[in-house]
Amino acid sequence: DDIFSGAFCENSEKLINVHLFALAAKYYSLSNLGACTPLEDVLEALKGDSEGATGIKPDEFMNNKKSHEVQVMSELVDNIANYCGIKQVIDIGSGKGYLSSFLSMQYNLKVYGIDSSSSNTNGAHERNRKLKKHWRAYQSRGRVNLKSQSLEKANDRPVESEIKCKTMNEELLNNANSLQNQDQVIIQDLVPSCGFTEMATPATNTKTEADLVTGTQSHETKLSEEVLAILNVLPADAVEDFSSSHYNCGELCEEEKVQRKMTSLKTKARKSSESNLYFPLTSCITAETELNDIITDLEDCMMVGLHTCGDLAANTLRIFTAKPEIKAVCSVGCCYHLLSEQFENQEECHDQVWGFPMCQYLKNKGWCCGRNARMSACLALERVAVGQVLPTESLFYRAVLQVIIEEIYGVTKSDRHVGKTFSKSSSFIDYVRRSLKKLELDDSKLPDSCIMDYYEKYKHRMDELEAFNMLKVVLAPCIEVVILLDRLCYLKEQKNIAWSGLVKLFDPVKSPRCYAVIALKNQSCS
């Protein structure tokens, strides 16, 4: 603090050293504070040596940004679900259903996507229908390619292929018996530096037949997916043809058993991939929402949210801590400017649940960011750093418009919004008139000459406005870190949480709101 205090004048408190200001902002950013857990450490801790699923690539039906987000987040969600032994996922603020559909089709998870917009939900239904068709076509192409490549190998080395086939079947049977023990692996033992707290599970020395069957079924889909590509390399008809001509009757009987088991696994894998369950639902989620009223077959599950807007991110965490069925959460928030703040206004609202602050520490201090600061937190420093320019002209139009509204109409606050009027306007005059109509203000008393007088009066200050907005961009990560650490501290204050952390999921140039709040409950909680 002593080092950076020289950025401001002691008397006027004005900024006098921009370089020092930028260094201070960088120092207090989340990436520099060491408060994040690396994504690689989390994935390693959750899945050990297992390999990620292979299948459809989201960039075939999503834009680059969405594809990046869905691919990274879905892999993490699948690993958390596997670690917790759950198959049900609730996607809060699911929007168009990109994440929900992908989790369902790629990882065979049962996903409920909840969004407050019925148009989003209806669109998600239709998009999911088309996506399933795309998914089946994608799988068919993959099987055809694999078969055409493998038939040559099968004909050249039939005996070797048959041996590999038997070996894979033996490994599958062994894995089915050993998978039950995976959930008892302690995360802390896998990656101590990750900071996970030990999760105690009841020790069991013996397994009943029913337990083994249950364990095998719970992991059957994953096993099927992992070997599906290998099974396709040696089609059933190819096995039957060469085996009948190379083996005696005794060996054929044993081989036939192996073939039937593998064919059964293959069939089940296909059925599971085609029966992936995704249910788009329309409902407004608040901190008091009873999920049982929305989802009738609610079971042990995890909650996810990809860019949950405003208070929805905070409410997702509150629901997670309150509901025993929810074993884990992975939430990426956005739209900080729409957060409700407890101490922003002096009005007392004892019954309201606020989006900020969440943790008791900031509540005791009466901490307030304010709308301007929260707006700044939404800016994308990394994008500006790689050359993406700020929309200076549209910001200038908006600033001059505000002066006109205050001086001509006497309006200092309005519940209405101008929105994306700039992109639809042919000139500043057109912009002002369109905006006044949206604000339901009479533009007939404002001649064009008067509008242009305001434009000319402030035109020379456009560079000043650009510099001001650049300072806001530099400060943005410092404001975001307050909001994110508030959410993390809230989770740290809860007694039923085994581990919680902040994880940088996305490339901030592709997706500026790139930090996820993740938490896992103690396994003993119910």
Side-chain angles (χ1 to χ4, degrees), residues 39 43 52-78 89 91-107 109 111 113-139 141-142 273 276 278 280 282 304-310 312-313 330-338 377-391 394 419-424 473 476 480 503-516:
L39 175 61
L43 289 175
T54 57
I56 196 166
K57 296 179 180 179
D59 55 5
E60 292 200 9
F61 55 92
M62 302 180 198
N63 63 40
N64 185 48
K65 175 180 181 292
K66 186 59 66 177
S67 170
H68 171 65
E69 294 166 350
V70 167
Q71 198 157 17
V72 174
M73 189 166 181
S74 61
E75 180 186 4
L76 174 61
V77 170
D78 177 60
V89 175
D91 184 3
I92 301 295
S94 55
K96 297 179 179 180
Y98 289 118
L99 178 64
S100 296
S101 296
F102 196 74
L103 285 170
S104 170
M105 294 184 182
Q106 175 79 329
Y107 295 102
L109 292 166
V111 185
I114 305 177
D115 197 272
S116 61
S117 169
S118 58
S119 61
N120 275 346
T121 304
N122 294 334
H125 270 296
E126 178 62 19
R127 192 171 293 102
N128 190 53
R129 183 187 66 79
K130 293 178 180 178
L131 189 56
K132 280 187 175 182
K133 183 178 180 180
H134 177 95
W135 167 261
R136 287 192 287 269
Y138 186 95
Q139 286 186 316
R141 289 201 308 271
S273 65
N276 9 62
Y278 163 43
T282 303
V304 301
L306 176 54
H307 292 149
T308 45
C309 187
L312 187 57
C330 179
S331 172
V332 180
C334 70
C335 302
Y336 300 134
H337 61 293
L338 297 179
C378 297
L379 298 173
L381 174 61
E382 288 82 2
R383 286 185 172 179
V384 175
V386 297
Q388 295 189 27
V389 297
L390 290 171
S394 65
K420 298 180 180 180
T421 305
F422 176 80
S423 60
K424 304 172 185 176
V473 170
E480 183 177 30
V503 177
K504 186 177 181 180
L505 284 190
F506 312 132
D507 177 350
V509 176
K510 292 181 180 178
S511 182
R513 304 282 74 79
C514 60
Y515 291 101

Under the salt bridge (Lys or Arg N to Asp or Glu O under 4.0 Å) test, residues paired with E480 that sit two or more places apart: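 With neighbours one apart ignored, the set is R513.
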Minimum heavy-atom distance between [X] and [Y], given as atom pair plus value:
| X | Y | result |
| --- | --- | --- |
| T282 | S116 | CG2-O, 3.8 Å |
| Y515 | V332 | O-CG1, 3.5 Å |
| D91 | L306 | OD1-N, 4.4 Å |
| G93 | L312 | CA-CD2, 3.9 Å |
| G333 | A313 | CA-CB, 4.0 Å |
| C330 | L76 | SG-CD2, 3.9 Å |

About how many Å separate [atom2] of [Y] and [atom1] of [X], when rounded to the nearest 0.5 Å?
| X | Y | atom1 | atom2 | value |
| --- | --- | --- | --- | --- |
| N64 | K510 | CG | NZ | 5.0 Å |
| L338 | C378 | CG | SG | 7.5 Å |
| L103 | S74 | CG | OG | 5.5 Å |

S101 side-chain N/O to Y98 backbone N/O, donor-acceptor pair under 3.5 Å: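 Not confirmed, S101 side chain does not pair with Y98 backbone.
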Sole residue of E69, H68, E382, K65 in side chain to side chain contact (heavy atoms under 4.5 Å, CB included) with D507: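 Of the listed options, the one satisfying the test is H68.
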Chi angles and distances behind the side chain to side chain contact (heavy atoms under 4.5 Å, CB included) call for V77, L99: CA-CA 10 Å; V77 170; L99 178 64; 5.6 Å; no
